[in-house]
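Here, residue 1 is the first one in the sequence, and each next residue gets the next number. Any value given below was found using the heavy atoms of this structure, including those in side chains, with hydrogens, waters and symmetry copies removed.
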Amino acid sequence: MAQVALITGVTGQDGSYLAEFLLNKGYEVHGMVRRTSSFATGRIDHLRKGFGPGPSDGLQLHYGDLGDGTGLRRIIEQVRPDEVYNLAAQSHVRISFDQPEYTADVVGLGALRLLEALRDHNKRRGRTSKLYQAGSSEMFGKITENPQRETTPFHPRSPYACAKVYAHWQTVNYREAYGLFACNGILFNHESPRRGENFVTRKITRSATRIKVGIQEKLALGNLDAQRDWGFAGDYVEAMWLMLQQEQPDDYVVATGETHSVQEFLEVVFNRLKLKWQDHVEIDQRFFRPAEVDLLIGDASKAKRQLGWTPKVKFERLAELMIEADLELAERELRSKAQ
């Protein structure tokens, strides 16, 4: 009998890669999506029918929201998942300063609603549904040591990061208080061609390729000196799954162990396209955070040791994957404009 997985935030970058990964392993995969006027399923449309060897013949979707505890309970009762991956969030750090209450409700209290729904489900059904909670390197914030590992103290510097810290400790609390099999994955920045266009790496590759084909002239960015540990989202979803295959639940840092500045990423992308970034980039104060996180670099040695996980896609290859996809997108856009 196939394992059953439920993914919140399935229409996002990580959700789409994880759904793909689990379907290929023969899982019956269910995804939770918010009800909106436009059905934003572009990242997962290819997974809906005839994908993967599982009995479901594709990804199955359910309307739900982390702000609605009753709806979460209904979905869990209907799906009866063996594994739940909580990837839903208002995940843009800069936007969290503009929408702090909404971010705290979805990211922080949303995780608590899901934990409570799972605790109740497991108790009544005699089940051991496992939970993966998506943490973030942003929780480290104003860092006290390099690199950051599972024991590094948190010092969050945004409403988003504060909410993630709350969700992290609630997950630990439910594990210790109720015996819930719940893991925190403290994932450092991970990118891909499916990254949202308002995140800095995708904003750079999308704009640079549009500049290359002549659709766009300028790109506005904020702090070019911020340094991040960037990996490939497709690699990182494997680590999520591996956490839930262990005998005991635990928390893990998932990272590459390398750090690069926004300017370095900018240089790699524009150099690949034979462009000079200084001719096109403008610094805009609107994109600076009220409280900046200057440097993040992760130590994933525990994940390597206990999970057998290592990242496969390196920094420059990651940039190339994103450039290739966005150049194709820009060329299609140019052709459509010419018609």
Side-chain angles (χ1 to χ4, degrees), residues 1-10 14-15 18 22 27-32 62 64-91 103-136 139 149-154 156 160-187 237 239-254 302-303 306-307:
M1 192 172 182
Q3 289 281 96
V4 179
L6 172 64
I7 304 170
T8 72
V10 73
D14 292 7
L18 179 61
L22 294 174
Y27 275 64
E28 178 183 320
V29 183
H30 298 257
M32 191 178 86
H62 307 261
D65 195 304
L66 288 179
D68 175 15
T70 302
L72 289 175
R73 291 170 185 269
R74 173 183 51 79
I75 292 170
I76 289 169
E77 284 298 308
Q78 181 181 345
V79 173
R80 298 193 181 187
D82 299 295
E83 299 171 4
V84 178
Y85 297 85
N86 185 27
L87 310 184
Q90 188 302 99
S91 59
T103 301
D105 184 56
V106 172
V107 177
L109 289 176
L112 178 59
R113 292 183 188 105
L114 184 57
L115 283 161
E116 188 63 9
L118 271 177
R119 180 178 78 88
D120 181 60
H121 175 71
N122 284 352
K123 183 179 179 181
R124 287 189 300 104
R125 297 288 184 179
R127 295 177 60 84
T128 55
S129 297
K130 300 177 180 181
L131 174 69
Y132 168 83
Q133 167 61 29
S136 169
M139 298 189 298
R149 50 184 64 87
E150 292 81 7
T151 54
T152 302
F154 298 138
Y160 168 76
C162 290
K164 280 293 187 185
V165 170
Y166 177 86
H168 175 96
W169 286 117
Q170 285 289 10
T171 301
V172 172
N173 180 49
Y174 271 66
R175 184 168 70 213
E176 294 177 353
Y178 304 117
L180 191 69
F181 193 112
C183 300
N184 286 295
I186 308 173
L187 270 60
V237 299
M240 299 176 189
W241 174 76
L242 285 168
M243 290 179 207
L244 299 194
Q245 311 316 307
Q246 306 307 303
E247 288 189 12
Q248 298 296 326
D250 207 342
D251 307 323
Y252 301 87
V253 162
V254 179
K302 179 179 175 181
Q306 293 185 205
L307 306 179

Looking only at atom types and distance, does a side-chain atom of Lys164 sit under 3.5 Å from a main-chain N or O of Ala134, one as donor and one as acceptor?
-> yes
Step by step, work out the side-chain contact (heavy atoms from CB on, under 4.5 Å) result for Glu83 and Gln245.
-> CA-CA 10 Å; Glu83 299 171 4; Gln245 311 316 307; 3.1 Å; yes
Between Asp82 (side chain) and Gln3 (backbone), is there a donor-acceptor pair under 3.5 Å?
-> no
Output for pair (Lys130 NZ, Met243 CE), nearest 0.5 Å, gives 13.5 Å
Parallel, tilted or perpendicular: which describes the rings of Tyr132 and Tyr85, with under 30° parallel and over 60° perpendicular?
-> tilted
Exercise: identify the closest heavy-atom pair between Ala104 and Ala163 = CA-CB, 4.0 Å
Exercise: identify the closest heavy-atom pair between Pro249 and Cys183 = CA-SG, 3.7 Å
Please name the residue in the list Val254, Asp14, Ile7 that meets the side-chain contact (heavy atoms from CB on, under 4.5 Å) test with Met240.
-> Asp14
Output all residues satisfying salt bridge (Lys or Arg N to Asp or Glu O under 4.0 Å) with Asp250, sequence neighbours left out; order by chain, then residue number.
-> Lys302
The reported gap from OG in Ser129 to CG in Leu6 (rounded to nearest 0.5 angstrom) is 9.5 Å
Test side-chain contact (heavy atoms from CB on, under 4.5 Å) on Ile186 and His168 and set out the steps.
-> CA-CA 9 Å; Ile186 308 173; His168 175 96; 4.1 Å; yes
Closest heavy-atom contact between Asp251 and Asn184?
-> OD1-N, 3.0 Å
Once you round to the nearest 0.5 Å, how far does CD of Gln133 lie from CG of Leu87?
-> 9.0 Å
Do Tyr166 and Val107 pass the side-chain contact (heavy atoms from CB on, under 4.5 Å) test, and can you show the C-alpha distance, the side-chain angles, and the key distance before you say yes or no?
-> CA-CA 9 Å; Tyr166 177 86; Val107 177; over 6 Å; no
Could you pull out the closest heavy-atom pair between Leu131 and Leu115, with the gap in Å?
-> CD2-CD2, 3.3 Å
Give the C-alpha distance, both sets of side-chain angles, the deciding distance and a yes or no for side-chain contact (heavy atoms from CB on, under 4.5 Å) between Leu72 and Leu118.
-> CA-CA 9 Å; Leu72 289 175; Leu118 271 177; over 6 Å; no
